[in-house]
Chemist: 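Supplied in structure tokens, the structure appears directly below.
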Amino acid sequence: MDSEARNLQSLERMSDGFNRRDVAAILAEFAEDAVFETSQGPEPWGERYRGRAAIRASIEGVFRTLPDIQFRDARRWVCGHRGVAEWTCTATTPKGRALVVRGCDLFEFRDGKVVRKDTYFKQVLHQPSASA
């Protein structure tokens, strides 16, 4: 199997893990020294998590906060040691509001494992009704 096919399979397994909320399956696709950069945080790159233990804590926090999170309409592709996943994320916030986000992840691979996952998104903002 060539490296691009192996990297694409890694993205597909990671996506499946996210939709099953299976943290172990997700982490299995990350290299031990991987970096995960979230879409929000105190720096221009968001919040940066280094290593599987830190990435685990971040993902577990998302699943606790958004227990019904789902990623839909996914498209994935790789070129060499880089990859992209586009998706629509839906969830219910702790305050009961619908969350709809269209986003993408930029990936870097080494030996079939993710060494960097960098997340970007656009969020649908629900406007109050005119009668409110």
Side-chain angles (χ1 to χ4, degrees):
M1 176 183 306
D2 72 4
S3 65
E4 286 186 1
R6 185 173 58 179
N7 294 342
L8 184 59
Q9 285 183 347
S10 178
L11 289 184
E12 290 169 353
R13 286 189 301 267
M14 182 179 283
S15 177
D16 182 57
F18 268 102
N19 280 328
R20 291 183 292 113
R21 288 172 288 294
D22 183 340
V23 177
I26 297 164
L27 290 174
E29 301 309 318
F30 281 99
E32 193 64 45
D33 60 343
V35 172
F36 173 33
E37 295 175 337
T38 64
S39 59
Q40 302 178 82
E43 302 294 338
W45 52 82
E47 186 85 23
R48 184 175 285 153
Y49 297 91
R50 293 182 185 277
R52 282 190 186 151
I55 293 168
R56 172 185 289 280
S58 173
I59 293 169
E60 287 174 343
V62 169
F63 290 160
R64 272 192 308 276
T65 303
L66 305 170
D68 64 342
I69 193 168
Q70 285 292 300
F71 295 87
R72 305 173 196 286
D73 307 321
R75 294 187 330 165
R76 298 172 205 90
W77 63 93
V78 297
C79 183
H81 72 281
R82 304 289 305 251
V84 176
E86 295 178 333
W87 38 260
T88 300
C89 173
T90 59
T92 306
T93 70
K95 293 185 177 187
R97 296 189 84 124
L99 176 71
V100 181
V101 173
R102 183 70 183 154
C104 68
D105 291 304
L106 307 178
F107 293 91
E108 293 179 26
F109 299 92
R110 181 181 67 234
D111 300 326
K113 295 291 185 183
V114 173
V115 293
R116 182 170 175 255
K117 179 179 186 287
D118 190 2
T119 300
Y120 295 85
F121 69 71
K122 297 177 182 183
Q123 184 172 348
V124 174
L125 299 177
H126 296 281
Q127 301 295 320
S129 67
S131 62

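Throughout, residue positions are numbered sequentially from 1 according to the sequence presented.
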Chemist: Does any non-hydrogen side-chain atom of T38 lie less than 4.5 Å from one of Y49?
Modeler: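 Yes, their side chains come closer than 4.5 Å.
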Chemist: In this structure, which one of Q70, R72, R102 forms a side-chain hydrogen bond (donor to acceptor under 3.5 Å, both in side chains) with T88?
Modeler: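 Exactly one pass, corresponding to R102.
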Chemist: Can you confirm whether M14 sits close enough to V114 that some side-chain heavy atom of one is under 4.5 Å from a side-chain heavy atom of the other?
Modeler: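 In contact.
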Chemist: Is it true that R13 and D22 have a side-chain N and a carboxylate O under 4.0 angstrom from each other?
Modeler: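 Answer for the salt bridge query: no.
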Chemist: Could you state the interatomic distance from CD (E29) to NZ (K117), rounded to the nearest 0.5 Å?
Modeler: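 Nearest 0.5 Å value for the CD-NZ distance: 12.5 Å.
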Chemist: What closest approach, in Å, do A25 and G17 show between heavy atoms, and which atom pair accounts for it?
Modeler: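 Heavy atoms only, the tightest pair is CB-CA, 4.3 Å.
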Chemist: Is there a donor-acceptor pair closer than 3.5 Å between any side-chain N or O of K113 and the backbone N or O of A34?
Modeler: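 Absent.
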Chemist: Can you tell me how far apart CG (L8) and SG (C79) are? Round to the nearest 0.5 Å.
Modeler: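 Atom-to-atom, L8:CG and C79:SG are 12.0 Å apart.
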Chemist: With heavy-atom distances below 4.5 Å as the criterion, would you say the side chains of Y120 and S39 are in contact?
Modeler: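 Not touching, per the 4.5 Å side-chain cut-off.
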Chemist: Would you call the rings of F18 and F71 parallel, tilted or perpendicular, taking 30° and 60° as the class edges?
Modeler: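 Perpendicular.
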Chemist: As an exercise, state the distance from CG of L27 to CD of E32, rounded to the nearest 0.5 Å.
Modeler: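 Answer for the CG-CD pair, L27 versus E32, is 9.5 Å.
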Chemist: State, to 0.1 Å, how close V115 and A31 come at their nearest heavy-atom pair, and which atoms those are.
Modeler: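 Taking every non-hydrogen atom into account, CG1-CB, 3.8 Å.
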Chemist: Using the side chain to side chain contact (heavy atoms under 4.5 Å, CB included) definition, which of the options R50, R110, R52 pairs with D33?
Modeler: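 Running side chain to side chain contact (heavy atoms under 4.5 Å, CB included) over R50, R110, R52 with D33 returns exactly one hit, R110.
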Chemist: If two hydrophobic side chains count as joined below 4.5 Å and joins carry through other members, does V35 share a cluster with V62?
Modeler: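 Per the 4.5 Å side-chain linkage, V35 and V62 are not co-clustered.
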Chemist: Could you report the tightest heavy-atom contact between W87 and D105, atom names first, then the distance?
Modeler: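 What the structure gives for the nearest pair is NE1-OD2, 2.9 Å.
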Chemist: Decide yes or no for E60 and T65: does some side-chain heavy atom of the first lie under 4.5 Å from some side-chain heavy atom of the second?
Modeler: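 Of all side-chain heavy-atom pairs linking T65 with E60, none is under 4.5 Å.
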Chemist: Do F109 and S10 make a side-chain contact, defined as non-hydrogen atoms from C-beta onward lying under 4.5 Å apart?
Modeler: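 Yes, side chains in contact.
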Chemist: Checking the side chain of S15 only, and the main-chain atoms of L11 only, is there a donor and an acceptor separated by less than 3.5 Å?
Modeler: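 Flag not set: sc S15 to bb L11 has no pair under 3.5 Å.
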Chemist: Could you tell me if the side chain of L99 sits less than 4.5 Å from the side chain of T90, heavy atoms only?
Modeler: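 Sidechains of L99 and T90: no contact.
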Chemist: Do R116 and E37 sit within salt-bridge range, that is, some charged N less than 4.0 Å from a carboxylate O?
Modeler: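 Salt bridge: yes.
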Chemist: When you compare the side chain of T119 with that of F36, does any pair of heavy atoms fall below 4.5 Å?
Modeler: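 In short, these two side chains touch, coming nearer than 4.5 Å.
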Chemist: Is the shortest side-chain heavy-atom distance between R76 and E12 below 4.5 Å?
Modeler: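 They are in side-chain contact.
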Chemist: Determine, for R20 against D16, whether the closest basic-nitrogen to carboxylate-oxygen distance falls under 4.0 angstrom.
Modeler: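 Looking at R20 and D16, the cut-off is met.
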Chemist: Look up atom CG in D73 and atom SG in C89, then write down how far apart they are to the nearest 0.5 Å.
Modeler: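 Nearest 0.5 Å value for the CG-SG distance: 11.5 Å.
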Chemist: Check the hydrophobic clustering (I, L, V, M, F, W, Y; side-chain heavy atoms under 4.5 Å; chains of links allowed) and say if L66 and F63 are grouped together.
Modeler: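 They do share one cluster, since a chain of ILVMFWY contacts under 4.5 Å joins L66 to F63.
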Chemist: I would like to know whether T92 and R97 meet side chain to side chain donor-acceptor pair (under 3.5 Å); could you show each step before the answer?
Modeler: CA-CA 5 Å; T92 306; R97 296 189 84 124; over 6 Å; no
Chemist: Please report the interatomic distance SG(C104) to CZ(R75), rounded to the nearest 0.5 Å.
Modeler: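 Those atoms lie 11.0 Å apart.
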